[in-house]
Amino acid sequence: MHSSRFFKMALILGLLSAIGPFAIDMYLPALPAIGQSLGADVSAVQLSLTAFFLSLGVGQLLYGPVSDMLGRKPPLYFGLIVFTVASVGCAMATNIETLIVLRFIQGLGAAAGMAIPRAVVRDLHTGNEAARLMSLLMLVFSVSPILAPLAGSGVIAVTGWRGVFWAVTLVGLAGVVLIYTMLDETRPVSERVESNLGSALRAYGVLLRDTHYLGLVFIGSSAMAGFFVYLAGSPFVLINHYGLTPTMYSLGFSVNAVAFIGAAQFTGALGERFGLARVVKMAATASGVVMLALLAYYLAGGDQLAVLMVLYFIASAFMGLVIPTTSVLALEKHGAIAGTASALLGTLQMLTGAAAMGVVGLFSTGKPLPMVVGMATGALIGVALTWGTLGGSPSSVPKQQHC
């Protein structure tokens, strides 16, 4: 692919992928205010976040096979229209129960932007080129956790929390325009599988019997689970426990995102030099060691915000190497059903994250320790899965080929 087209595709796919996360990250600084406005406790407000993650995961199971059957663009249009309409409803919600339901519907729409761009990457590339495009996609995608919380805190200061949902409504509309004007169809009619339920079920059957695929998916899922626990817990820990303002919280959140994106840009070069499998093993192990140190600090009675921020910054950088690389390796052998494979990957990641948030939420006290236990557990499970799936040497994964 020509260099300018390569970067253009990364920009388009990254922006589409970021729409769902933008609706999460922009909303984080508003969580305490939403609870006060709607008379809801911490667990109820967190449930509105969990509901979005659940539907963002489940929805991908539908969009993936449909995009293999009908092409990539039609389900993208449908999903973003659903997202936009639900966002309007969220802005007008008058109680927490209505907000939770509408957030679930909003997530179903956003799922299209999560599943389909990964499939487009696989349509165009494999191996280290795919890792490079996926990393650039993650660069654009990760603008969301840097800018969205800051934008959210600014919008909240001017308009209140409802303004956040009017803002994401505009983002959804912009996504529809982007698809229409800039995205080419990458799934030609000749490559589309037969349009029926049986073909989708058979494709999922193939994937669920592929233990190597599942191992790679759950390595990424474990890393994401720790991040989701941080997403749900950090507004309460950093704002209520450590006394940060919403703007200061947003800046702190953004710092971790910078670490993630910065490291992700090295995946292509590191993959060329060491092989993608070795990159995953090194980064997952290092992230686990750092999170184990953070857990030991809090178990020993430590309670300094600086320690939490510095160690999680380092762990986030290693996750930036793990998540895009495991996605590329998981989709490598499944080009014919790339949409379905991408959908199952995204669904399992989101459901794992939602389950982790739900479990940790049961023990949430607004203090750091329950959140840190959940984050460290995800990282350590990821280490075990990495070495179980990829073995002791890079030769456990076939050498990647350029397309």
Side-chain angles (χ1 to χ4, degrees), residues 1 5 8-23 52 55-89 102 104-125 130 133-134 137 140-141 168-204 206-207 327 331 334-347 349-350:
M1 181 183 287
R5 185 166 172 243
K8 175 186 172 184
M9 187 59 64
L11 178 63
I12 295 167
L13 297 178
L15 290 172
L16 292 174
S17 298
I19 288 173
F22 192 83
F52 186 91
S55 59
L56 194 61
V58 172
Q60 293 183 60
L61 290 176
L62 303 175
Y63 291 112
V66 169
S67 77
D68 285 338
M69 298 171 190
L70 304 180
R72 307 306 185 200
K73 293 182 70 170
L76 275 172
Y77 281 126
F78 176 82
L80 290 188
I81 290 169
V82 170
F83 172 86
T84 302
V85 172
S87 298
V88 173
L102 287 168
F104 184 87
I105 296 170
Q106 190 188 39
L108 286 177
M114 296 295 291
I116 296 172
R118 282 190 302 264
V120 173
V121 171
R122 180 56 185 82
D123 290 342
L124 298 172
H125 291 288
L133 181 55
M134 191 76 77
L137 185 157
V140 180
F141 170 89
V168 299
T169 298
L170 296 177
V171 170
L173 290 172
V176 173
V177 173
L178 185 67
I179 297 165
Y180 181 76
T181 58
M182 297 186 70
L183 184 66
D184 296 327
E185 179 59 67
T186 60
R187 183 76 167 177
V189 175
S190 60
E191 295 182 8
R192 296 173 193 173
V193 295
E194 190 177 337
S195 182
N196 58 56
L197 178 61
S199 64
L201 293 176
R202 285 192 297 274
Y204 280 125
V206 168
L207 295 168
S327 297
L331 299 183
H334 296 291
I337 51 171
T340 304
S342 172
L344 184 59
L345 181 153
T347 294
Q349 285 188 347
M350 290 297 164

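Small disclaimer: the values here were computed from a predicted structure and weren't measured. Numbers here are sequence positions counted from 1.
Side-chain contact between Val120 and Ile12: absent, with no pair of heavy atoms (C-beta onward) separated by less than 4.5 Å. By the 4.5 Å heavy-atom criterion applied to side chains, Glu185 and Pro74 are counted as neighbours.
Rounding to the nearest 0.5 Å places CG of Leu345 at 8.0 Å from CD of Gln60. Within the model, atoms CD1 of Ile337 and CZ of Arg202 stand 11.0 Å from one another, a figure rounded to the nearest 0.5 Å.
Heavy-atom minimum distance, Val168 versus Ala23: CG1-CA, 4.0 Å. Residues Arg72 and Ala119 approach most closely at CZ-CB, 3.8 Å, considering heavy atoms. Looking at every heavy atom in both residues, Ile116 comes nearest to Pro75 through CD1-CG, 3.6 Å. Shown here for Gln349 and Ser327, the closest heavy-atom pair between the two residues is NE2-OG, 4.5 Å. In terms of heavy atoms, Ala115 sits closest to Ala343 at CB-CA, 4.1 Å. Residues Ser67 and Gly64 approach most closely at OG-O, 2.8 Å, considering heavy atoms.
Thr84 pairs by the side-chain contact (heavy atoms from CB on, under 4.5 Å) definition with Thr169, Leu173, not counting sequence neighbours.
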Can I get a per-line list of side-chain donor-acceptor pairs under 3.5 Å for residues 104-114, giving both atom names and the distance, sequence neighbours left out?
from   : atom 1 : to     : atom 2 : distance (Å)
Gln106 : OE1    : Arg103 : NH1    : 2.7
Gln106 : NE2    : Ser87  : OG     : 2.8

What side-chain donor-acceptor pairs closer than 3.5 Å can you find for residues 174-184, not counting sequence neighbours?
from   : atom 1 : to     : atom 2 : distance (Å)
Thr181 : OG1    : Val177 : O      : 2.8

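Summarising the local packing, CZ of Phe78 is surrounded by 12 or fewer heavy atoms from other residues, nucleotides or ligands at distances under 6.0 Å.
Here the side chain of Tyr204 pairs no donor or acceptor atom with the backbone of Pro65 at under 3.5 angstrom.
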